[in-house]
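Everything on this sheet refers to the single structure shown next.
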Amino acid sequence: MERVNYTVLTEFILTGVPHPPGLRTFLFVFFLLIYILTQLGNMIILITVCTDTQLHARPMYIFLGALSVIDMGISTIIVPRLMMNFTPGIKPIPFGGCVAQLYFYHFLGSTVCYLYTTMAYDRYLAICQPLRYPVLMSAKLSTLLVAGAWVAGLIHGAIQAILTFRLPYCGPNQVDYFFCDIPAVLKLACADTTVNELFTFVDIGVVVASCFSLILLSYIYIIRAILRIRTADGRRRAFSTCGAHVTMVTVYYVPCAFTYLRPDSHGILDGAAALFPTAITPFLNPLIYTLRNQEVKMALRRMVGSQSTKSEV
């Protein structure tokens, strides 16, 4: 049997987001601001939830704090590397760096899916079972649910990374995308990728479809419960409680489905769609949850007020 010799790749070159050369400086500054504001906004949310005695033991805000950590992680994995494509010269990413980027993106990305589903279940219990809510969703249980989401995401990311990089990569090394993602990397493999492509489609499809279906089912019951509320003010407050979550689920799930659940993906439109879960959604999360949540705004005022009092003393 003839033995095939492969030249193992040691680095990849990410082509980045297609853009006119004249917009390089603008795009670099734009994504730099997005990254800084993402980290700052999510850090403020995390500090507020952890330090405010009225928030840190409540399930909804335990989930929100975990979401802030994930948003900071996804942004850090993707955006700085994206910004490097707007600077002069070729910036290769080491093979190990590509493995790490793919793993952590799918680890944190799937964790977000599980967390959004858990948050929908939390809203279902709060609105449909208000009297039993403190018993059904305790701080201990919500912490265990967050831990379970992290573990499930860790396993999902590991499986995807192992299956992708068990294949030989012998050249070319140009990844036609702005980060190391499965469909773009598989195109460079020196072996048949049919099994990998099928498994990726089924695995991500099951995660997205099952999580989205559970979220949808939760909100069907939530809407039915809200419509039974007699007062307009009660309905308004119930809808506002869920509004931020529905907005972020839509912004996150629609681009993910567009990117991974279509044949021959990763064209120009796919790159634009992928910017939402990787850069835009982590930036928007703290803004939406802060602007639409009176309790978070009150906690921020209490935190700022206490700091002002300490400085005066």
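Nothing here was measured: the structure is a model prediction, and the numbers come from that model.
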Here's a test for you: under side-chain contact (heavy atoms from CB on, under 4.5 Å), which of V49, T111, N285 qualifies with L67?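 That would be N285.
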Non-hydrogen side-chain atoms of M43 and V69 separated by less than 4.5 Å: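 M43 does not reach V69 side chain to side chain.
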Checking the side chain of [X] only, and the main-chain atoms of [Y] only, is there a donor and an acceptor separated by less than 3.5 Å?
X: S75; Y: Y35; value: no
X: S138; Y: V135; value: no
X: T117; Y: C113; value: yes
X: Y177; Y: V185; value: no
X: S68; Y: L64; value: yes
X: H245; Y: Y116; value: yes

Membership question, hydrophobic clusters at under 4.5 Å side-chain separation (ILVMFWY): are Y121 and L141 in the same one?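 Cluster IDs for L141 and Y121 match.
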Can you name the side-chain hydrogen bond (donor to acceptor under 3.5 Å, both in side chains) partners of Y133, sequence neighbours left out?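 Partners of Y133 by the side-chain hydrogen bond (donor to acceptor under 3.5 Å, both in side chains) criterion, ordered by chain and then number, come out as D122.
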So with a 6.0 Å cut-off around CZ of F86, is the heavy-atom count from everything else above 12?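 Yes.
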For the pair F165 and F95, evaluate ring pair (Phe, Tyr, Trp, His ring centres under 6.0 Å) and give the outcome as yes or no after the intermediate values. CA-CA 10 Å; F165 290 101; F95 188 92; 5.4 Å; yes
Begin with the C-alpha distance, continue with both residues' side-chain angles, and end with the deciding distance and a verdict on ring pair (Phe, Tyr, Trp, His ring centres under 6.0 Å) for F179 and Y105. CA-CA 10 Å; F179 71 100; Y105 173 67; 4.9 Å; yes
Between H156 and Y114, is any side-chain donor less than 3.5 angstrom from a side-chain acceptor?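 Side chains of H156 and Y114: no pair found under 3.5 Å.
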